[in-house]
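Since the structure comes first, as structure tokens, the remarks are kept for the end.
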Amino acid sequence: MMRIDAHHHVWTLARADYGWLTPERGPIYRDFGLADLMPHLAAAAIEGTILVQAAPTEAETAFMLDVAKGAELVRGVVGWIDFDADDAATRVDMIAGRELLVGLRPMVQDIADDDWLLRPELAAPLEAMAQYGLVFDALVLPRHLPRLVQVVDRHPDLQFVLDHFGKPQLATGDIAAWKDDVASLAARSNVVCKLSGLATEAAPNWQVADLREAVEHALACFGPQRMLWGSDWPVVNLAGGYAQWFAAAESLLADLSSEAGAAIFGGNAARVYLSSRGRATSRK
């Protein structure tokens, strides 16, 4: 079974649409391309990836699709459209024809209105996404999870992926409410979770033990067939880097069967993102 990194980015600062990416970000405030990622993929025996948006612009989505078109290892792209536009559903119609697009991701964590997910106007573009088999990647914070549950219930035919476990507050240990909300989400069959982004939510100089409670809870709720591993590279460079995070994930999942581990490290991503869109993962 092909190993897939289900969540990484590339960016070029000169594009100037990464508002969150400032000089204060230090190690990641520079250009990152696939050539920078390749050594990490090789070390982890990863053969395919899902490239995920990092800027709230349709121009960046076009940029990513161009990158993916020329790179066999990129199996699919999770892009962005303007969900606030009056013609948002039409925008989904237009972009759905792009061959390597597998999903869309509004940057909910950066939207000022905590109830944005509950806007009635969101229904039409989400229905269009379901029609085309596009995945909704949910980049949310813990306070958004109860709203996300409502949206999931309104759109049972749409596949949702909870990015970064919904960003539990690992640095403070305040995860009781998060645990309840994750359990609620996991009760909905059209939601899977992405084992990614935890290193940057933990305290500096984190250890594997600092992540264990959250991972074991999510695994108990979703099970190994509804969990996908992703690096969140190059953002992960802020908290130890690719190799440290990959090793931590392997350690946290070490007690699973080889079949369950293979599902989390690739099989589930292929099923969720690539079963009807993107590049096939079968070997010739």
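This one's a predicted model, so the numbers in the text were calculated from it and none came from an experiment. Sequence positions, counted from 1, serve as the residue numbers for this chain.
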Rounded distance [0.5 Å steps], [atom1] in [X] versus [atom2] in [Y]:
{"X": "Leu126", "Y": "Leu158", "atom1": "CG", "atom2": "CG", "result": "6.0 Å"}
{"X": "Phe83", "Y": "Ile111", "atom1": "CZ", "atom2": "CD1", "result": "9.5 Å"}
{"X": "Leu219", "Y": "Asp255", "atom1": "CG", "atom2": "CG", "result": "10.0 Å"}
{"X": "Asp31", "Y": "Leu13", "atom1": "CG", "atom2": "CG", "result": "5.0 Å"}
{"X": "Met227", "Y": "Leu256", "atom1": "CE", "atom2": "CG", "result": "8.5 Å"}
{"X": "Arg226", "Y": "Asn268", "atom1": "CZ", "atom2": "CG", "result": "10.5 Å"}

How are the rings of Trp11 and Phe32 set relative to one another: parallel (under 30°), tilted (30 to 60°) or perpendicular (over 60°)?
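Perpendicular: the ring planes of Trp11 and Phe32 meet at over 60°.
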Aromatic plane relationship, His40 with Tyr242 - under 30° parallel, 30 to 60° tilted, over 60° perpendicular
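Taking His40 first and then Tyr242, their aromatic rings lie parallel (interplane angle under 30°).
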What pairs of residues pass the ring-ring contact (aromatic ring centres under 6.0 Å, His included) test when at least one of them lies in residues 160-207, not counting sequence neighbours?
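Applying ring-ring contact (aromatic ring centres under 6.0 Å, His included) to every pair that reaches into residues 160-207, excluding sequence neighbours, yields His7-His164, Phe136-Phe160, Trp178-His217.
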Donor-acceptor pair, side chain of [X] and main chain of [Y], under 3.5 angstrom:
{"X": "Glu121", "Y": "Asp86", "value": "no"}
{"X": "His9", "Y": "Val52", "value": "yes"}
{"X": "Asp5", "Y": "Trp229", "value": "no"}
{"X": "Glu60", "Y": "Ala54", "value": "yes"}
{"X": "Asp210", "Y": "Gln207", "value": "yes"}
{"X": "Arg75", "Y": "Gly278", "value": "no"}
{"X": "Ser231", "Y": "Trp233", "value": "yes"}
{"X": "Asp82", "Y": "Glu58", "value": "no"}
{"X": "Gln53", "Y": "Ala55", "value": "yes"}
{"X": "Ser275", "Y": "Val272", "value": "no"}

N-O pairing of [X] and [Y] below 4.0 Å:
{"X": "Asp113", "Y": "Arg119", "value": "no"}
{"X": "Glu72", "Y": "Arg279", "value": "yes"}
{"X": "Lys69", "Y": "Glu99", "value": "no"}
{"X": "Lys194", "Y": "Asp137", "value": "yes"}

Sole candidate of Asp115, Asp174, Asp114 that passes salt bridge (charged side-chain N to carboxylate O under 4.0 Å, His left out) when paired with Arg143:
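Testing Arg143 for a salt bridge (charged side-chain N to carboxylate O under 4.0 Å, His left out) against Asp115, Asp174, Asp114 leaves exactly one candidate, Asp114.
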Would you indicate whether the side-chain heavy atoms of [Y] and [X] approach each other to under 4.5 Å?
{"X": "Ile50", "Y": "Val77", "result": "no"}
{"X": "Asp110", "Y": "Pro56", "result": "no"}
{"X": "Val135", "Y": "Val78", "result": "no"}
{"X": "Val10", "Y": "Leu34", "result": "yes"}
{"X": "Ser189", "Y": "Gln159", "result": "no"}
{"X": "Leu118", "Y": "Arg154", "result": "yes"}
{"X": "Leu170", "Y": "Leu211", "result": "yes"}
{"X": "Arg188", "Y": "Val191", "result": "yes"}

What about [X] and [Y], same hydrophobic cluster or not, with Ile/Leu/Val/Met/Phe/Trp/Tyr joined at side-chain heavy-atom distances under 4.5 Å?
{"X": "Leu134", "Y": "Val74", "value": "yes"}
{"X": "Met107", "Y": "Met129", "value": "yes"}
{"X": "Leu252", "Y": "Val236", "value": "yes"}
{"X": "Leu141", "Y": "Val161", "value": "no"}
{"X": "Tyr132", "Y": "Val151", "value": "yes"}

Minimal non-hydrogen separation, [X] against [Y], with atom names:
{"X": "Ile175", "Y": "Pro168", "value": "CG2-CB, 4.0 Å"}
{"X": "Arg3", "Y": "Ile46", "value": "O-CG2, 3.6 Å"}
{"X": "Gly33", "Y": "Asp36", "value": "N-OD2, 2.8 Å"}
{"X": "Trp245", "Y": "Leu195", "value": "CZ2-O, 3.5 Å"}
{"X": "Arg98", "Y": "Asp66", "value": "NH2-OD1, 4.0 Å"}
{"X": "Leu117", "Y": "Leu122", "value": "O-CD2, 3.5 Å"}

CG/Asn205: more than 12 non-hydrogen atoms of other groups inside 6.0 Å
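Atom CG in Asn205 is not packed in, count stays at 12 or less.
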Using the benzene-type ring in the case of Trp, are the ring centres of Phe265 and Phe246 under 6.0 Å apart?
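That pair passes the under 6.0 Å test.
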Looking at Phe63, I'd like to know if the NZ or CZ of Arg15 sits under 6.0 Å from its six-membered ring centre while staying within 45 degrees of the ring's axis.
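Arg15 over Phe63 ring: yes.
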Show, in sequence, the C-alpha distance, side-chain angles and deciding distance for Leu274 and Val102, and conclude whether the side chain to side chain contact (heavy atoms under 4.5 Å, CB included) test is met.
CA-CA 7 Å; Leu274 307 175; Val102 297; 3.9 Å; yes
Trace of the side chain to side chain contact (heavy atoms under 4.5 Å, CB included) decision for Asp163 with Arg105
CA-CA 10 Å; Asp163 285 355; Arg105 183 174 86 149; 3.0 Å; yes
Steps toward side chain to side chain contact (heavy atoms under 4.5 Å, CB included) verdict (Ile81, Thr61)
CA-CA 8 Å; Ile81 61 134; Thr61 299; over 6 Å; no
Give the intermediate values and the outcome of side chain to side chain contact (heavy atoms under 4.5 Å, CB included) for residues Asp157 and Asn190.
CA-CA 7 Å; Asp157 296 328; Asn190 56 326; over 6 Å; no
Show every donor-acceptor pair shorter than 3.5 Å between a side-chain atom in residues 21-28 and any protein atom, with sequence neighbours excluded, or say none if there are none.
from	atom 1	to	atom 2	distance (Å)
Thr22	OG1	Glu24	OE1	2.8
Arg25	NE	Trp20	O	3.3

